[in-house]
2 protein chains.
Amino acid sequence: MAHLDAIDTAILKALQQNGRISNAELAERVGLSPSACSRRLDILEKSGTVTGYHARISPKALDYKMIAIVHISLSGQFAKTLAEFEAAVKLCPNVLVCYLMSGEYDYILRVAAKDLEDYERIHRDWLSALPHVVKINSSFALREIIDRPNVGV
Amino acid sequence: MAHLDAIDTAILKALQQNGRISNAELAERVGLSPSACSRRLDILEKSGTVTGYHARISPKALDYKMIAIVHISLSGQFAKTLAEFEAAVKLCPNVLVCYLMSGEYDYILRVAAKDLEDYERIHRDWLSALPHVVKINSSFALREIIDRPNVGV
DNA sequence: AGGACGGGCGCAATGTCCTTGCAAAGCCGG
DNA sequence: CCGGCTTTGCAAGGACATTGCGCCCGTCCT
């Protein structure tokens, strides 16, 4: 992942906002010929600077109407304890985000569910089954105020 | 936003995973001719089912190395209080996610910062300036375990 | 039951776009 | 000042997106 100049940054910004823009328009927007732009983007992708392109789907369309924020504490902080927990949590497809945190709880999760009944199932079959957990605290999102894909977009 | 059949769902799933796939390959993947696929996608976009396409950039490349989770309590739950807070929080570009929550705190925020100094600036200039706030609790992500763009991908 | 209607499909054509080779221009170090 | 490296713009060939058109199938109404 080499150094990024102003044009690279412009390419990344444009694709953050519209990831399905054509290469021709992207080139025009950053002030480059299409071929040069395509080659730069190719480098950005292969170097891992661009990690992927994803469509954002209206959650209602997919029937995931519910977001839960789950705080979890483990029974210890040994590397093995953390590793086992993390390996297990990665298997749950409803967990969108998981961070190891500073502060009162060890992990914070963002979980998507179709409804309360679905969340009850996820909680029972997945979250409660995670290893080394000593405390789970679920809160539910009442309303989404902001959900930006990236900083400053 | 009309009803989605199996092919629509397949289109959405494919574009969730790779939002820059060509229409030709998308069509092949869902078992449709390119023209039919293009027309379906057009409908999905215009109906608001697909809300956008976004490149995912390695946070390190953009120098945002730090994620903070911020819990906030307000001085009341009146609609006007909430509305004023929400209007203000939307203006901060570093706030990636904001939910109105059930539970102990009123809002939960996910904030991106370049480093601790940058976060201190955001906290001072933005978060502390939000109206009606009576309590702010910041925790920092030590490590990212999962960050999925969508459910089940 | 039969015909009219409409939604959705595939095919084909045209215009646009992506990609790769190539030569020239810029940049840096020796 | 020169040689090598990088990156650019241009051109060509092949792939792709889009739109019109005719067809098929399911539905509704008589």
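Every chain is numbered from 1 and lettered A, B, ... according to where its sequence line falls, protein lines coming before strand lines.
Protein atom CZ of A/Arg40 is 17 Å distant from nucleotide atom P of C/dC18, rounded to whole Å. Look at CG on A/Asp8: it is 13 Å from C1' on D/dT6, rounded to the nearest Å. Atom pair B/Leu41:CG and C/dC9:P shows a separation of 13 Å (rounding to whole Å applied).
The 5' end of DNA chain D is approached more closely, in terms of each residue's nearest nucleotide, by A/Cys37 than by the other of A/Cys37 and A/Arg20.
Taking the side chain to side chain contact (heavy atoms under 4.5 Å, CB included) definition, one finds that B/Leu142 meets it with A/Leu100, A/Ser102, sequence neighbours left out. Partners of B/Pro34 by side chain to side chain contact (heavy atoms under 4.5 Å, CB included), not counting sequence neighbours, listed by chain and number: B/Asn23, B/Ala27. Applying the ring-ring contact (aromatic ring centres under 6.0 Å, His included) test to B/Tyr99 and every residue at least two apart in sequence or in another chain returns nothing. Applying the ring-ring contact (aromatic ring centres under 6.0 Å, His included) criterion to A/Phe85, with sequence neighbours excluded, gives A/Tyr107.
The side chain of B/Ser38 contributes an N or O atom lying less than 4.0 Å from OP1 or OP2 of D/dT18.
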Table please: side-chain donor-acceptor pairs of residues 66-79 of chain A below 3.5 Å, with sequence neighbours left out.
unit_1  : atom_1 : unit_2   : atom_2 : d
A/His71 : NE2    : B/His71  : NE2    : 3.1
A/Gln77 : NE2    : A/Asp106 : OD1    : 2.5

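Using a cut-off of 4.0 Å between Lys/Arg side-chain N and Asp/Glu carboxylate O, A/Glu84 and A/Lys80 are scored as salt-bridged.
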Report all interatomic pairs (protein N or O, nucleotide N or O of nucleotides 10-16 of chain D) with separations under 3.5 Å.
unit_1 : atom_1 : unit_2  : atom_2 : d
D/dC10 : N4     : A/Ser35 : OG     : 3.0

